[in-house]
Each structure stands twice: as structure tokens, then as C-alpha cells.
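Structure first, commentary second.
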Protein chains: 2
Amino acid sequence: MSKARKGVVVWFTGLSGSGKSTLSGRIAELLRPTGLPVELLDGDIIRTNLSKGLGFSKDDRDTNIRRIGFVSRLLARNGVLVFAAAISPYEAIRAEQRQLVEADGADFCEVFMKCQLEVLIQRDVKGLYKRALAGEIENFTGISDPYEPPSRPDVIVESDSETVEIGIKRVLNVLAEKGHVPREVLEKMDI
Amino acid sequence: MSKARKGVVVWFTGLSGSGKSTLSGRIAELLRPTGLPVELLDGDIIRTNLSKGLGFSKDDRDTNIRRIGFVSRLLARNGVLVFAAAISPYEAIRAEQRQLVEADGADFCEVFMKCQLEVLIQRDVKGLYKRALAGEIENFTGISDPYEPPSRPDVIVESDSETVEIGIKRVLNVLAEKGHVPREVLEKMDI
């Protein structure tokens, strides 16, 4: 029996509206037709399926991230390319997840969706920043709750100034470098 | 790229003490050295990692089973042999999980750990039945909470009269029939 391929958890962290779901979703969509095993764990899917009832206190956020981490880990140690998108504001919990994933023999790739708060407030696609600034939403990351940027992310995407296509290329290049996506697959892609 | 292997969720249902964890654990242990992708989702592991805070009301039990089902499904659709052990007393929720797993293109194999309540009360390895009968534990399946036996299980293991070895063989034979475990792997096993 051949040794299974090495999996990876690609972890997208960043403020609400910074483009985590868009970028991770686009990359998963691009990779699926290649036949590589891909799973997308979006924060919203997880809140529905695993974390209903949890709120946004530090404890509840940590629990939510640990659940996403647990599922990501199980998948990655079975060779899956996992794309997890969650605000995940606390550095220590992200570091803990990296350590657990790597201890299981898989890779962890942290993608920091860097975006100026002013730009997010201005865009405000979901109208959440307006409500948070008005005090209508408690524990809103970046407004009334902390966000700890990654100190050593594997990829930085400046989503306030860069196109989605640049972000896709940057993440896929790192995945190719680490051997998770064959170079020829990238070359055939229309990006 | 070769098509990934088809995964399966082997779902062990039965009363507390009926041997779900023992049997699923032994089978996972036997299969791991073969190189097949195996994950064991024991009810206790899941309650720690995904369902802390949930109780034993019907709603909370259903939520717990749906979470185990969600994780099992993600793994099985990526070719993993998943062994899930949970009392899972309600037929409708088990049927729902089967349907969701099969809709994802994986197999579902329900293993009914059949054991007379009298035998479980007599054995009472963890002392739980004694406490439940004394009214010290609420919502205890089989005593103060219902258990709906599977109407059409894929495997029945009569754990009050059969050895663990018989159970192992019965489950592995079904997995071999469905093509999840190569026959030659079974023949080499010391069971």
C-alpha cells in the first residue's frame, strides 16, 4: 500500500470583511477539478454544524477555533488540503493549532488577510461595522474586541490593495513550494 | 490523478456498556498497520473536542450525533474508514446521518451492539446503571431514556453472548464485501 500524501491546513485569519471566505473559497473551487482532496471549513459552516450556541466571548471564540482545528487536523492527517477561514483573533490559539497539526505530521500554513480597519469600515459589505461602531454588536473584533495579527504568517495578502487573483497566486505558490499542489497543476490554471 | 478511494462510516450504536468503544477501538487498531486511512471517533473524544457543554436531553443528544455525523462525513468523503461509536439512541437521526453520508458518495454501515439490559445492569463496569437505577443520573438511555434499536442494521453483534473476536470478524467481513478492506488484508490478520 502506498504511503498517503501529506495533508495541510491552510488557515485564513483576519478581520471581518478582509476576504477570508472569498479567497479560501476561490482557491478551493480552483483546486477541486484537479482531483486533489480539498475541504473548505468556513467559519459560518462551522458555527452552524459544530458550534451552534457559542457566542463571541474569548472562551467561546477559543472553543470555536479549537473545534475548527480539531476537524482540520483529522482531515489533514488523512492527506486532505484543508482551507479554514475564521477571524481567529488570538495568536496563542492559532499557534496551538499549528503545533497540533504539525504534531500529526501535516503542514500548517497561516494566511494573514491584512486589511486596514478604515477600509473595512468604509466598505462595510454586511453593515456590521456600522452596527458595531454604534454599539449594537458586542465583542466585535477590531472595534470592541482585540485582534492579534500573526507575528510570522506564511503568507500575507494585503486585501485592501491587492486583487483576489494576486492572493490566489501567492497562496498556491506556497502550497506548490511545500509540495501540496503539483507545479504543473498551477501552470494549467487560468489565473 | 487517480480517483480517491471510497470512504465509509462504520457507525456503532447500542446501550452504555454494550461494547461499542471496545469493538470499534480493536478494529481501528487492527487496521492501522495495514496503511488504510482509519479514524476512530469515540463518543467521549467527541464530547471533549466538539460537544463540551451539551447534556443528554433529546435536543442535545441529537446535536451531538449530528456533529459526529458531520465530521465522519467529511472524513469518509475523502476516503477515510471512519469508526464512530456513540449510543445514538434515536433511529431518525441515525437514518439522517446515513442519508447524508451516502449523498456524499461514501458508504454507511450501521453496527448494532445488541445486549440485554439485564446483562448490562449485572456487569455494570462503570457503575453507571446502579446510579441510574437509583435515580442519580437523569436521561440515562435504557433506564430513564429511550433506546430505539436499528430496524435494518448492516451488522448485528450480540455482545452479551458473542466474543469480541466474533464481532471483529463480522464487521471486517462486511467491510471486505463492500470493498473497503482488501480480502488479503483480512487473511493476514491474526483473528
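So you know, we letter chains A, B, ... as the sequences are listed, proteins then strands, and number each from 1.
For B/Leu41, the part sitting under 4.5 Å from any heavy atom of chain A is the side chain, from C-beta outward, and nothing else. In this structure, chain A has heavy atoms under 4.5 Å from both the backbone and the side chain of B/Arg67. Contacts of B/Ser51 with chain A are made by backbone atoms alone, with heavy-atom separations under 4.5 Å and no side-chain atom involved. Using a 4.5 Å cut-off between heavy atoms, B/Ile46 contacts chain A through its side chain alone, with no backbone atom that close.
Placement of B/Val181 and B/Val164 within a single hydrophobic cluster is found when ILVMFWY residues are connected by side-chain heavy-atom separations under 4.5 Å, directly or transitively. Under the 4.5 Å side-chain contact rule for hydrophobic residues, A/Ile68 and A/Leu75 share a cluster. Two different hydrophobic clusters hold B/Ile166 and B/Val174 under the rule that ILVMFWY side chains link at heavy-atom gaps under 4.5 Å. Tracing side-chain contacts under 4.5 Å through hydrophobic residues (I, L, V, M, F, W, Y), one reaches A/Phe83 starting from A/Ile168; they form part of the same cluster. There is a path of hydrophobic side-chain contacts, each under 4.5 Å, that joins A/Leu74 to B/Leu74.
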Exercise. Would A/Thr48 and B/Phe70 satisfy side chain to side chain contact (heavy atoms under 4.5 Å, CB included), going step by step from the backbone distance to the final call?
Worked result: CA-CA 11 Å; A/Thr48 304; B/Phe70 175 70; over 6 Å; no
For this session: Test A/Val71 against B/Asn49 for side chain to side chain contact (heavy atoms under 4.5 Å, CB included), laying out the working first.
Result: CA-CA 9 Å; A/Val71 177; B/Asn49 284 288; over 6 Å; no
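With contacts defined as side-chain heavy-atom distances shorter than 4.5 Å, the pair B/Asn78/A/Glu39 qualifies.
B/Lys178 NZ: more than 12 foreign heavy atoms inside a 6.0 Å radius.
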